[in-house]
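Heads up, the thing below is written out as structure tokens.
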Protein chains: 2
Amino acid sequence: MAPAAELDSVDLEILRLLQNDARITNKELAAAVRIAPSTCLDRVARLRSIGVVLGQTIRVDPERLGRPLDALISLRIQPHRRELVDPFVTHVLGLPETRALYNLAGPDDYLVHVSTAGAGDLQRLVLDAFASRDEVSRVHTTLIFQQWAGGPLLPPGAAPPTSGGRTSGSRSGGRVDTE
Amino acid sequence: MAPAAELDSVDLEILRLLQNDARITNKELAAAVRIAPSTCLDRVARLRSIGVVLGQTIRVDPERLGRPLDALISLRIQPHRRELVDPFVTHVLGLPETRALYNLAGPDDYLVHVSTAGAGDLQRLVLDAFASRDEVSRVHTTLIFQQWAGGPLLPPGAAPPTSGGRTSGSRSGGRVDTE
DNA sequence: AGTGAAATTTTTACGTA
DNA sequence: TACGTAAAAATTTCACT
């Protein structure tokens with residue numbers, strides 16, 4: 001279930017529009033890509049069924065949830081064995097501050113993106129949730145000043161957004177500024 | 001428009017459910033949080049209007065879009081002035097491989113999360129899109145073996161998901177494994 | 001695969017407690 | 001603020017090209 005799916009330009013355009021605003025109605029979406037609503041529904045259903053579209057989520061503003069301070073925490077795991085790593089991953093994903101977790105190829109094994117309530121919360125997190133654990137041999141924290149969410153990830157050569165129509169909101173070029 | 005919004009436990013539960021699956025109908029959502037559909041609609045509309053909910057997007061599988069290889073690219077910008085930085089940010093956000101961009105506090109000024117078609121594409125990207133630029137003085141690339149998307153980011157103390165009902169799909173604990 | 005129209009479900013608006 | 005009902009609009013199904 002890994003290989004790349006075959007997508008035509010209409011599929012790519014649908015993905016682009018939905019990634020920009022998934023609340024668009026099927027009717028509007030169909031009009032934007034110039035096909036009938038029922039056909040459009042089939043297209044989207046297919047994209048779901050073949051796993052290109054994994055799901056649909058709301059984008060939440062961390063600041064308005066009381067977590068204005070973001071940071072990246074690099075971690076080195078000492079005996080890098082599965083018995084220690086799996087519980088560690090579970091632990092990190094269980095933290096409410098965790099936004100993303102990466103297992104890396106470099107000397108630092110893991111990178112955690114966290115959103116915290118402030119410097120105090122971040123310090124507490126670094127000390128209590130990471131540094132204090134036996135399997136963690138090194139912790140390095142970097143503050144995030146600003147961040148931008150990625151765009152549609154569409155393959156190069158994909159058709160550019162249709163000229164006239166902004167679908168909704170006030171985005172710029174399909175990219176979403178999150179800060 | 002920055003301070004934390006006042007949210008009660010119902011709001012938090014709504015956010016959690018929508019973040020898990022934004023395609024849930026308002027009717028189902030209302031039932032899950034035990035309020036009337038019309039009330040639920042008001043709640044969600046409020047969350048949108050006060051900016052807690054920024055929008056709605058589909059989650060796309062990068063692998064199925066032909067980008068199975070992820071990497072983090074650290075960058076140092078030489079004269080770190082706005083005239084150079086702004087075009088650089090625009091350039092990075094314009095790359096189809098870009099998934100996220102961070103402006104950091106450390107010695108490395110920027111971190112770019114990219115999804116690429118493979119080692120060749122990544123090499124081309126590092127050389128042509130980053131290393132070749134005048135304002136970029138240092139490039140460091142780290143491969144991502146595995147990654148996990150963060151969860152609801154909800155404040156601690158928020159009520160756990162209601163006992164019986166899984167809303168849809170087969171997620172685990174509200175977290176979404178993206179690899 | 002794509003389409004148009006009917007049938008179903010959902011969203012939305014509004015009056016009331 | 002929350003609710004229930006009614007109107008509007010959406011999605012979804014289906015027979016046909």
Fill in: More than 12 heavy atoms of other groups within 6.0 Å of B:D128 CG
yes
Practice prompt. Give me the bend of the helix from C:dA1-D:dT17 to C:dA17-D:dT1, using the axes of the five pairs at each end, rounded to 10°.
Written response: 30°
Discussion item. Applying salt bridge (charged side-chain N to carboxylate O under 4.0 Å, His left out), can you list everything that pairs with A:R43, at least two apart in sequence or on another chain?
Written reply: A:D8, A:D11
Discussion item. Please determine whether salt bridge (Lys or Arg N to Asp or Glu O under 4.0 Å) holds for the pair A:E97 and A:R124, giving the CA-CA distance in whole Å, both sets of side-chain angles, and the decisive distance to 0.1 Å.
Written reply: CA-CA 11 Å; A:E97 286 88 356; A:R124 180 194 58 75; 3.0 Å; yes
Worksheet item: What ring-ring contact (aromatic ring centres under 6.0 Å, His included) pairs are there with at least one residue in residues 53-105 of chain A, not counting sequence neighbours?
Response: A:F88-A:Y110, A:Y102-B:H113
Worksheet item: B:D8 has an atom CG; how far is it from atom C1' of D:dA2, in whole Å?
Response: 12 Å
Worksheet entry | Pair A:D109 + A:R76, salt bridge at N-O below 4.0 Å | no
Practice prompt. Please report the shortest heavy-atom distance between B:T142 and A:A105, naming the atom on each side.
Written response: CG2-N, 4.0 Å
Worksheet item: Between B:R133 and B:Q78, does any side-chain donor sit less than 3.5 Å from a side-chain acceptor?
Response: no
Response to the item:
Residues in residues 39-48 of chain B with a heavy atom under 4.0 Å of DNA chain C, by number, are B:L41
Worksheet item: Can you name the one residue among B:I73, B:L75, B:V92 that meets side-chain contact (heavy atoms from CB on, under 4.5 Å) with B:L101?
Response: B:V92
Fill in: Side-chain touch A:T98/A:V112, heavy atoms, less than 4.5 angstrom
yes
Worksheet item: Above 12 or not: heavy atoms from other molecules or residues under 6.0 Å from CD of A:E83?
Response: yes
Worksheet item: Any salt bridge between B:R23 and B:E28, counting N to O under 4.0 Å?
Response: no
Identify the pairs formed between an N or O of the protein and an N or O of nucleotides 15-17 of chain D at a distance under 3.5 Å, and give each distance.
none

Just the table, please: protein N/O against nucleotides 5-10 of chain D N/O, every pair under 3.5 Å.
from	atom 1	to	atom 2	distance (Å)
D:dA10	OP2	A:K27	NZ	3.0

Worksheet, complete the sentence: When rounded to whole Å, the CG to P distance for the pair A:L7 and C:dA1 reads 14 Å
Discussion item. Expressed as a whole number of angstroms, how long is the span from A:L18:CG to D:dT11:P?
Written reply: 11 Å
Practice prompt. Would you mind reading off the distance between A:R34 atom CZ and C:dG2 atom C1', rounded to a whole angstrom?
Written response: 17 Å
Discussion item. If you apply the rule side-chain contact (heavy atoms from CB on, under 4.5 Å), what do you find for A:D70 with A:L143, and how did you get there?
Written reply: CA-CA 6 Å; A:D70 278 36; A:L143 254 54; over 6 Å; no
Worksheet item: Going by atom types only, do B:R99 and B:S115 share a side-chain donor-acceptor pair under 3.5 Å?
Response: yes
